[in-house]
Amino acid sequence: MSETVTAQVKGPASYFPSIEKKYGRPIEEWQAVVRSAPGYGAGAAHMELVALLKDEHGMGHGHANAVVAHVLAEDRA
């Protein structure tokens, strides 16, 4: 009998399914919103980007933080 091991998604990406469900847009669109934010790549602060998602798109703090953290980590790699 073989056992299937499912890799558990950890970190900010673990929020992605609930973000997509709650806000009705694929995560790639939210990542594009962050990357197109004024000042992105020129030193925009993490919390400024979180505030943008919260204030302009109605995203909750935890979800906004997860998207921003993932985008910043991805782009630094």
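By convention here, the first residue in the shown sequence is residue 1. Heavy-atom basis, side chains included; hydrogens, waters and symmetry copies ignored.
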| said: Run the side-chain contact (heavy atoms from CB on, under 4.5 Å) test against A13 and tell me which residues pass, sequence neighbours left out. | reply: V9, F16, H70

| message | Looking at every heavy atom in both A66 and Y15, which two are closest together, and how far apart are they? | response | CB-CD1, 3.7 Å

| field | Side-chain donor/acceptor of E20 to backbone N/O of I27, under 3.5 Å | value | yes

| task | State, with a plain yes or no, whether a side-chain heavy atom of L52 is found less than 4.5 Å away from one of V33. | result | yes

| For L53, which of N65, V34, I19 qualifies under side chain to side chain contact (heavy atoms under 4.5 Å, CB included)? | V34

| request: Go through the structure and list residues passing side chain to side chain donor-acceptor pair (under 3.5 Å) with K54, not counting sequence neighbours. | output: H61

| request: Please collect all salt bridge (Lys or Arg N to Asp or Glu O under 4.0 Å) contacts where either partner lies in residues 23-50, sequence neighbours excluded, each pair once. | output: R25-E29, R35-E74, R35-D75

| said: Applying side chain to side chain donor-acceptor pair (under 3.5 Å), can you list everything that pairs with S18, at least two apart in sequence or on another chain? | reply: H63

| query | Does anything in residues 31-53 pair up under ring pair (Phe, Tyr, Trp, His ring centres under 6.0 Å), and if so which pairs, sequence neighbours excluded? | reply | none

| request: Might you point out which heavy atoms bring A37 and L49 nearest each other, and give the distance in Å? | output: CB-CD2, 3.7 Å

